[in-house]
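In what follows, every chain begins at residue 1, and chains take the letters A, B, ... in the order their sequences are listed.
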Amino acid sequence: MNGEQDLSINLARADQALIDRLRAGDESIFTQMVDQYHASMVRIAAIYVNEYAVAEEVVQDTWIAVLKGLDRFEGRSSFKTWVFTILTNRAKTRATRESRYIPLELTDEPDGGTSINNDFHVPVNIDTSAYEHGWIPPSWDTIPETRLLGHETRDVIFRTIDALPSNQQQVIRLRDIDGFSAEEVCNMMQLSESNQRVLLHRARGRVRQALDVYFAQE
Amino acid sequence: MAHDLSCQELANLLTDYLEEALPDDVRGKFEEHLEHCGYCVAFVDQMNWSIKLTHDLGSPPSPAPGHDELLKLFRDWKSDQS
């Protein structure tokens with residue numbers, strides 16, 4: 001048996017234990033789940049419904065659906081993926097009802113390509129001829145930690161992600177913030193592997209570009 | 001056999017590279033390009049940093065969700081069960 005199988009068996013056991021405790025009415029496991037997932041869930045729902053209060057409602061409805069549907073969980077995905085899939089479907093339904101939901105392909109940029117910006121922001125004190133003659137941008141390794149991990153860096157990341165088309169936003173949040181695998185995100189969003197990569201690629205490209213501009217400022 | 005990659009082509013393939021989705025010959029060209037191009041090394045380095053920072057800073061310390069309301073949901077569900 002290989003390590004990957006071990007891991008998925010352990011995960012399945014942990015999920016089963018969690019479901020058993022929920023069924024038994026264990027409030028501590030429920031609040032633990034809420035602490036772990038709730039904030040991420042609200043952010044994902046908000047991509048579709050736009051209003052925070054509505055996103056909160058969608059998440060509450062999702063929790064109810066999860067509890068009522070415990071018997072239907074078959075373990076074909078992880079429990080967490082199952083919860084987020086229910087969430088995504090409910091958020092879409094709610095957005096459609098309020099005519100906010102624009103199908104995936106229409107929200108995307110018209111170019112449909114995978115081209116991303118690989119330019120670096122050249123600080124004003126750099127002679128552009130140096131840039132043309134092989135100037136290499138400074139590495140972020142040398143940025144002091146207080147700046148690298150500071151509030152402003154966080155703000156740049158948030159603002160950039162919030163401004164992305166909704167499907168790119170959802171993919172980068174699920175992959176890079178919430179830590180879902182590519183396969184899980186494909187299942188959740190009903191995307192092909194290559195479409196998932198294109199959306200992730202564009203989203204990551206935007207964030208890198210925004211951070212580059214920010215870090216290049218003195 | 002894949003042709004030599006330009007810097008823009010390398011940038012366009014970066015996510016496919018990181019996701020291990022490139023065919024072997026293209027992956028070879030990708031790594032070969034990085035061996036002699038400081039510009040692209042810097043680009044890939046920034047992208048790796050950017051992914052790490054998104055992960056580390058991306059989930060804001062959000063106010064703890066209102067447990068009261070959610071616990072009420074849980075208790076209601078529980079009492080419907082029994």
**OP:** Please look at B:C7 and chain A and tell me whether the side chain, the backbone, both or neither of the residue comes under 4.5 angstrom of a heavy atom of that chain.
**Re:**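 B:C7 touches chain A through backbone and side-chain heavy atoms alike.
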Subject >> Proximity breakdown for B:L10 and chain A, heavy-atom pairs closer than 4.5 Å >> reply: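 It is neither, since no heavy atom gets under 4.5 Å.
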Report the option among [options] that has the most heavy-atom pairs separated by less than 4.5 Å from atoms of chain B.
{"options": "A:D141, A:I64, A:V207, A:I172", "answer": "A:D141"}
{"options": "A:R175, A:E193, A:Q209", "answer": "A:R175"}
{"options": "A:L211, A:V42, A:T153, A:L148", "answer": "A:L148"}
{"options": "A:D176, A:I157, A:L149, A:I161", "answer": "A:D176"}
{"options": "A:L200, A:L67, A:T31", "answer": "A:L67"}

Original post:
Relative to chain A, which of B:E9, B:Q46, B:R75 shows the most heavy atom pairs under 4.5 Å?
Top reply: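 Top option by heavy-atom pairs under 4.5 Å: B:Q46.
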Does [atom1] belonging to [X] count more than 12 external heavy atoms closer than 6.0 Å?
{"X": "B:E69", "atom1": "CD", "value": "no"}
{"X": "A:H151", "atom1": "NE2", "value": "no"}
{"X": "A:Q16", "atom1": "CD", "value": "yes"}

So do the side chains of [X] and [Y] get within less than 4.5 Å of each other, counting heavy atoms only?
{"X": "A:H201", "Y": "B:D16", "result": "no"}
{"X": "B:F74", "Y": "A:L22", "result": "yes"}
{"X": "B:L53", "Y": "A:R154", "result": "no"}
{"X": "A:L70", "Y": "B:W77", "result": "yes"}
{"X": "B:K78", "Y": "A:E27", "result": "no"}
{"X": "B:F43", "Y": "A:R208", "result": "yes"}

Closest approach of [X] and [Y], non-hydrogen atoms and distance?
{"X": "B:M47", "Y": "A:R204", "answer": "SD-O, 3.7 Å"}
{"X": "A:W63", "Y": "B:L73", "answer": "CB-CD1, 4.4 Å"}
{"X": "A:S139", "Y": "B:D45", "answer": "OG-OD2, 3.3 Å"}

**OP:** Against chain B, label A:A210 side chain, backbone, both or neither, depending on which of its atoms sit under 4.5 Å from a heavy atom there.
**Re:**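 Neither part.
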Original post:
Which bit of A:D61 comes within less than 4.5 Å of chain B, counting heavy atoms only: side chain, backbone, both or neither?
Top reply: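 For A:D61, neither part sits under 4.5 Å from chain B.
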Subject >> From B:L70 atom CG to A:E56 atom CD, the distance as rounded to the nearest 0.5 Å >> reply: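 If I round to the nearest 0.5 Å, the distance is 7.5 Å.
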Original post:
Distance from B:N12 atom CG to A:R202 atom CZ, nearest 0.5 Å?
Top reply: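 That separation rounds to 11.0 Å.
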Original post:
Under 4.5 Å, heavy atom to heavy atom, which residues of residues 177-187 of chain A contact chain B?
Top reply: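 Interface residues of residues 177-187 of chain A: A:I177, A:A182.
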